[in-house]
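Below is one structure, written out as structure tokens; comments come after it.
The chains referred to below are lettered A, B, ... by the order of the sequence lines, with proteins before strands, and numbering in each begins at 1.
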Amino acid sequence: MKNYDHKKIEKKWQGIWDKNETYKTSNSTKDKKMYVLDMFPYPSGVGLHVGHPRGYIGSDVYARMKRMEGYNILHPMGYDAFGLPAEQYALEHKIHPKKAVDENVKTFERQLSMIGLSYDWSRKINTTDPKYYKWTQWIFLQIYNSWYDKTKDKARPILELENIFEKSGNLKVNAVCNINTDNFTSKQWCNFSKKEKNEILMKYRLAYEGYSEVNWCKEMGTVLANDEIVQDSNGNSVSERGGYPVEKKLMRQWFMRITAYAEKLLVGLDDLEWSDHIKEIQKNWIGKSEGSIVKFPVNNMDTNIEVFTTRIDTIFSGTFLVLAPEHVFIQKNKNIISNISLVEKYLEEVKNKLDTERTDESNKTGVELKGVSVINPANGKEMSVWVSDFVLGSYGTGAVFADAHDKRDFDMAKKYNIPLAVSIRPEDDILFEKVKRLEECFSDEGILFNSGEFDGLTSKEARPKIIEWLASKNFAIKTTKYKMRDAVFARQRYWGEPIPLKHNTDGTISELKGKDLPLELPNVKSYESIGTGESPLAGVKSWVKEGYETNTMPGWAGSSWYFLRYMDPQNPKNFASKKAIDYWKNVDVYVGGQEHATGHLLYSRFWNNFLYDMGYVLTKEPFKRLKNQGMILATDGRKMSKRWGNVINPDDIVNNYGADTLRVYEMFMGPFDQSLPWSTESIIGSRRFIDRAYRLQEKVINKKSSKDLEKNLHKVIKKVTNDIENFAFNTAVSSMMIFINEAEKEEFIGEKDFKMFLQILAPFAPHITEEIWVGLGEKKTIHRSSWPKYDKKKIIDETIKIAIQVNGKVRSEIIVGNDEEEEIVKNLALKDENVVPWLENKEIKRIIYVKGRIVNIVV
RNA sequence: GCCCGAGUGGCGGAAUUGGUAUACGCGCACGACUUAAAAUCGUGUCUCGUAAGGGAUGUGGGUUCGACCCCCACCUCGGGCACCA
């Protein structure tokens, strides 16, 4: 029998499946349903390389099995096409980004199709389609029109907040909001102007206007993303294109108050079937710290400086305070700082440092605020006050107290000769008189001294007691802080969703009404930067005249909710119908790269949690189960990239070996979540496997297979079913290879059994299995046939092999009945001819029997 | 620097999670078929040793009747965070 012609067969079946809508999601509402989703791609200009489809193939194998198991499958695909790369591609090729995206999508779609993925293409979405981004804008407005109520621990409409303000002011409102919100009564609120009200509400909104520093390139007249900045030979930050200097610039932005959801995003992880690795990354990113805020009274002033600390047990050794350069205390008290000119000079220096230049940890810089001192509330001692850029204005309270136990504080003290102290007993061999850092003491188990009544307690024990003690004197309060920051939700670029807000002439901001959505991107001749750092939209007269917001949304906007749109992709009235959301609820299995751990996966969870609060979706979490595919590296072990010239194109592989071979190989090459180097040399093994399966047809007759083969078959059905469920595709393929090896040794193979084998192979090699299946007379597609069930009785081994060890070394094997009694097995082992010599003249101390596995004789 | 994860043949990897290490595949060698080659099929393939037997899962120790698996220390590689108080 000749080998099969993959080119002919694969094309043929793809056409037939397409025509028959084999993979179309049913509109039925049967209970057995499953939503299997791939992270949708960014359609770049260069098309797919052989690594991209790995995740798609894995999810496809899974979806195909589940479909055969009788589930109604939602398995869609779409394109995430807004963002910087498309814009850059367009700039380079001098075409409109829209056109670039259309071209790239075409390439992607052709390449995805040739692999035989079982998507329901009728549900395709594209984030740049106004019919799609209408709803991105709509969700943005819901977020914009909401605030976070800490008491109820959920988001609520901003209208309800206005009502509260009207009735009782903001004194009792417990909300997550921007700092510097002054208190006001209901009466005061009612007397505020429209603009004032607008500004106050802005501090509470979950999407709010603010300012942040951006990377500004004067020469290019544009704001750069971190990816667009490189270090030149002198270590200065310059633009990747052109090598122009980059500096910091304060720009108007929009923010998303993701910090309001920090705790929910942290706690929510517990119930998710995600890898511990990704959970760990998100946990670290959220960065929860429990500690306390301590007040340090300023000498000769009626004010305090507040410090956040997780190690209040070290407060007794605090000898100085360090403020962040942006700390308001400095701005407010210039008159009492005697060396203010020196301080201001330092602040100026710091201001011009880019983040990348600020990370020299070994070299601390700073200036003492002369004329200012504070009192250590724990022991009444006087402490000097410093300003240094190692303290971050954006974390905690923007101030720390310093002592010898912390490396950073220690470095600072050493450089400027500031006195240090310790309050946790040092190990005897550490000469802390010489001001060596006492890291060993900085553990939870360190013993306190120099701390009055707390002496002798461990740090861990002392901490709550010290907080309580200081709190009773009103010097401390227990607090939790998170490292996560609010997300910037604005880009000074053209190619993104317009933000559906208007700036009115009276200084207020108003949102577009639902009926005015989508606010479409204006078609402009030049979408290049206009030189001010603002988005090109700021150069569009009609746009500016209307007062439309000129920032556009960031790349992650459209991808933060797309999984909901697939449920009901054409709905013109809602982002998805209630019925569809009710039915599909959330994504059951989500497959994608782990590089999105702190971006997309966090933002999506945030939006979904928000939509849940507002009653638009039924589950808090969008992705119940997450599987991350490993990257396929080039043969040289590096990432595949045009730059290295090591890219393997799937077109060539499909052309030479066929899609089925590519699929089997990518599943077989190693564990799904592991990064692996590609090897075109090895792929032939997968093709041989398929060829052998194909040739096995010759042995098929309408008879019962041998007992052995039957047993092997049912074992492999069990194994493959379990393995696909667990995304252990590599061992699933290997077990099918073993089955083929066994089957080839047989005289013949029963038709029924062979068909069952085809069925379990079908998710991996959909084309060739369909070809053989139909060739054997089946009328309906194999991909809608029902998944074979293994027969428990048929996989029982009547006899089992037991290894016999003497002192843990294997000396022999015996074959016994599958539930032979322990005593009999032990006796057989002792009498075994290969074992006896090892027991001569020895006293048997113990015999250990592990049922069905080994006997270990200890002498 | 801190926090994770991983180290098994020439190569990709498997090992029922403490129970016969190296399944399956690639490569390689030899053989069959062939005028010949390709393809295909068969046999072999961790290592030392003629053998009996010994040694091997990054290195060194430990726990155990028994360790790739658990514990301690170290080395190497990969990932995340990065002055987070």
Side-chain angles (χ1 to χ4, degrees), chain A residues 1-3 275-285 287-289 291 307-312 314 322 324 355 358-364 388-392 394-403 405-409 411-412 439 481-485 594-595 597-598 631 635 637 664-665 668-671 673-686 688-689 691-692 695 719 722 728 730-741 744 801-813 837 845-859:
Chain A
M1 192 171 201
K2 278 174 91 180
N3 288 342
S275 71
D276 290 339
H277 181 59
I278 298 277
K279 287 189 184 183
E280 195 66 30
I281 292 175
Q282 290 209 348
K283 260 182 211 163
N284 291 343
W285 183 263
K288 183 177 182 174
S289 302
V307 167
F308 174 71
T309 179
T310 55
R311 293 304 303 261
I312 200 159
T314 63
V322 190
D355 291 348
R358 209 176 135 165
T359 51
D360 183 2
E361 293 181 27
S362 56
N363 186 23
K364 299 272 179 290
S388 170
D389 68 347
F390 85 82
V391 178
L392 304 174
S394 50
Y395 184 76
T397 59
V400 299
F401 75 79
D403 77 342
H405 296 298
D406 187 279
K407 179 163 191 330
R408 295 155 300 182
D409 304 347
D411 289 345
M412 177 88 184
E439 194 170 22
K481 295 279 177 200
Y482 302 87
K483 284 179 199 160
M484 186 169 62
R485 311 281 159 80
Q594 63 157 54
E595 66 273 19
T598 55
M631 221 184 319
T635 329
V664 168
Y665 176 64
F668 177 64
M669 59 196 296
D673 58 1
Q674 196 173 306
S675 289
L676 299 161
W678 176 264
S679 163
T680 303
E681 219 178 30
S682 301
I683 197 171
I684 187 68
S686 299
R688 281 180 194 148
F689 163 64
D691 280 337
R692 289 164 74 188
R695 286 199 302 266
K719 172 96 178 130
N722 285 337
N730 55 330
T731 49
V733 173
S734 105
S735 67
M736 288 188 285
M737 285 173 169
I738 295 169
F739 177 79
I740 291 272
N741 290 344
E744 278 178 344
K801 206 159 65 172
I802 305 252
I804 305 170
Q805 299 180 335
V806 179
N807 285 344
K809 283 199 190 298
V810 178
R811 298 300 177 192
S812 187
E813 281 174 357
K845 290 178 188 142
R846 270 174 88 179
I847 303 177
I848 290 144
Y849 175 57
V850 181
K851 193 165 190 314
R853 300 211 187 280
I854 59 143
V855 174
N856 190 12
I857 302 165
V858 186
V859 293

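- Atoms CE and OH, from Met484(A) and Tyr395(A) in turn, are 12.0 Å apart once rounded to the nearest 0.5 Å.
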How far apart are the C-alpha atoms of Val806(A) and Val859(A), what are their side-chain angles, what is the distance that settles it, and do they pass the side chain to side chain contact (heavy atoms under 4.5 Å, CB included) test? CA-CA 7 Å; Val806(A) 179; Val859(A) 293; 4.2 Å; yes

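- Using N1 to N3 plus N6-O4 or O6-N4 for Watson-Crick, or N1-O2 and O6-N3 for G-U wobble, each under 3.5 Å, U57(B) pairs with nothing.
- For Met737(A), whose side chain is taken as the heavy atoms from C-beta onward, the closest listed nucleotide among G25(B), A85(B), C4(B) is G25(B).
- Remark on RNA chain B: of its neighbouring residues Glu280(A) and Ala324(A), the 5'-side contact belongs to Glu280(A), judged by nearest-heavy-atom nucleotide.
- In this structure, G9(B) is classed as syn because its glycosidic torsion stays within 90° of zero.
- As the counterpart of G5(B), C77(B) is assigned, both hydrogen-bonding distances of the Watson-Crick or G-U wobble pattern falling under 3.5 Å.
- At a threshold of 4.0 angstrom between heavy atoms, the contacts of Lys845(A) with the nucleic acid are absent.
- The nearest whole Å value for the distance from the NZ atom in Lys279(A) to the C1' atom in G5(B) is 16 Å.
- The two residues Ala597(A) and Ile278(A) have their closest heavy-atom pair at CB-CD1, 4.0 Å.
- Residues meeting the ring-ring contact (aromatic ring centres under 6.0 Å, His included) test with Phe401(A), sequence neighbours left out: Phe296(A).
- When both pairing distances are held under 3.5 Å, C24(B) makes a Watson-Crick or G-U pair with G12(B).
- Here Asn741(A) lies in heavy-atom contact (under 4.0 Å) with sugar-phosphate atoms only.
- As rounded to the nearest Å, G25(B) and C77(B) have P atoms that lie 34 Å from one another.
- Between Ala803(A) and Asp409(A), it is Ala803(A) whose nearest contact on RNA chain B lies nearer the 5' terminus.
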Could you run down the sub-3.5 Å N/O contacts of the protein with nucleotides 63-67 of chain B?
residue	atom	partner	partner atom	Å
C65(B)	OP1	Arg846(A)	NH1	3.0
C65(B)	O2'	Asn856(A)	ND2	3.3
C65(B)	O2	Asn856(A)	ND2	2.5

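- The CG atom of Asp673(A) sits 18 Å away from the P atom of G78(B) (whole-angstrom rounding).
- Annotation: side chain of Val855(A) is in contact with side chain of Ile802(A) (closest heavy-atom distance under 4.5 Å).
- Between the C1' atom of G1(B) and the CG atom of Asn284(A) lies a distance of 15 Å, rounded to the nearest Å.
- Here, G13(B) and G31(B) have their C1' atoms 29 Å apart, quoted to the whole Å.
- When the P atom is used for both C11(B) and G58(B), the distance is 13 Å, rounded to whole Å.
- The distance between atom CD of Gln282(A) and atom C1' of C81(B), rounded to the nearest whole Å, is 14 Å.
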Between His277(A) and Gln594(A), is the side chain to side chain contact (heavy atoms under 4.5 Å, CB included) condition met? List the steps. CA-CA 9 Å; His277(A) 181 59; Gln594(A) 63 157 54; 3.2 Å; yes

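- Backbone-only contact: Thr310(A) has heavy atoms under 4.0 Å from sugar-phosphate atoms and none from a base.
- Contact check, Lys809(A) against G55(B): a side-chain N or O comes under 4.0 Å of OP1 or OP2.
- The base-pairing partner of A51(B), taking Watson-Crick or G-U wobble contacts with both distances under 3.5 Å, does not exist among the strands shown.
- Taking Glu280(A) as the reference, nothing meets the side chain to side chain donor-acceptor pair (under 3.5 Å) condition, with sequence neighbours excluded.
- Taking 4.5 Å as the limit, some side-chain heavy atom of Trp678(A) sits within range of a side-chain heavy atom of Tyr665(A).
- Atoms CD1 and CZ, on Ile740(A) and Arg695(A) in that order, are 9.5 Å from each other to the nearest 0.5 Å.
- In terms of heavy atoms, Arg692(A) sits closest to Glu744(A) at NH2-OE1, 2.8 Å.
- Comparing G18(B) with A23(B), their P atoms sit 22 Å apart, to the nearest whole Å.
- Base pairing of G18(B): no nucleotide in any strand meets the Watson-Crick or G-U wobble criterion (both distances under 3.5 Å).
- At a threshold of 4.5 Å between non-hydrogen side-chain atoms, the residues Ile684(A) and Arg688(A) count as touching.
- Counting to the nearest Å, the P atom of C2(B) and the CG atom of Asp406(A) are 13 Å from each other.
- By the 6.0 Å contact criterion, CG on Asn741(A) is enclosed, its count of non-hydrogen atoms from other residues, nucleotides or ligands being greater than 12.
- A 3.5 Å limit on both hydrogen-bonding distances identifies no Watson-Crick or G-U partner for U63(B).
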Under-3.5 Å N/O pairs linking protein and nucleotides 37-41 of chain B:
residue	atom	partner	partner atom	Å
U40(B)	OP1	Arg688(A)	NE	3.4
U40(B)	O3'	Arg695(A)	NH2	3.3
C41(B)	OP1	Arg695(A)	NH2	3.4

What one-letter contact string describes nucleotides 6-17 of chain B from 5' to 3', where B marks a base within less than 4.0 Å of any protein heavy atom, S marks contact via sugar-phosphate atoms alone, and - marks no contact? ------BSS-B-

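- Taking atom P in both G27(B) and A21(B), the straight-line distance is 29 Å, to the nearest Å.
- Distance, Lys481(A) NZ to A85(B) P: 12 Å, rounded to whole Å.
- Heavy atoms only, all atoms of each residue included: Met737(A) and Gly685(A) are closest at CE-O, 4.4 Å.
- Distances were taken from every side-chain heavy atom of Val810(A) (C-beta onward) to each of G25(B), C81(B), U20(B); the shortest belongs to U20(B).
- The same atom, P, is picked in A67(B) and in G62(B); the two are 12 Å apart, to the nearest Å.
- Nearest to the side-chain atoms of His277(A) among the listed nucleotides G27(B), C83(B), G79(B) stands G79(B).
- The C1' atoms of C33(B) and A39(B) are separated by 11 Å, rounded to the nearest whole Å.
- Taking only side-chain atoms of Trp285(A), from C-beta outward, the nucleotide of C81(B), G54(B), U20(B) with the closest atom is C81(B).
- Side-chain contact between Val858(A) and Asn807(A) is present, with at least one heavy-atom pair separated by less than 4.5 Å.
- C69(B) and U57(B) are spaced 10 Å apart, taking the C1' atom of each and rounding to whole Å.
- Across all strands shown, A39(B) forms no Watson-Crick or G-U wobble pair with both key distances under 3.5 Å.
- Within 4.0 Å (heavy atoms only), Ser289(A) reaches sugar-phosphate atoms of the nucleic acid but no base atom.
- The CZ atom of Phe739(A) sits 15 Å away from the P atom of G25(B) (whole-angstrom rounding).
- Remark: Ser734(A) engages no residue in a side chain to side chain donor-acceptor pair (under 3.5 Å) (not counting sequence neighbours).
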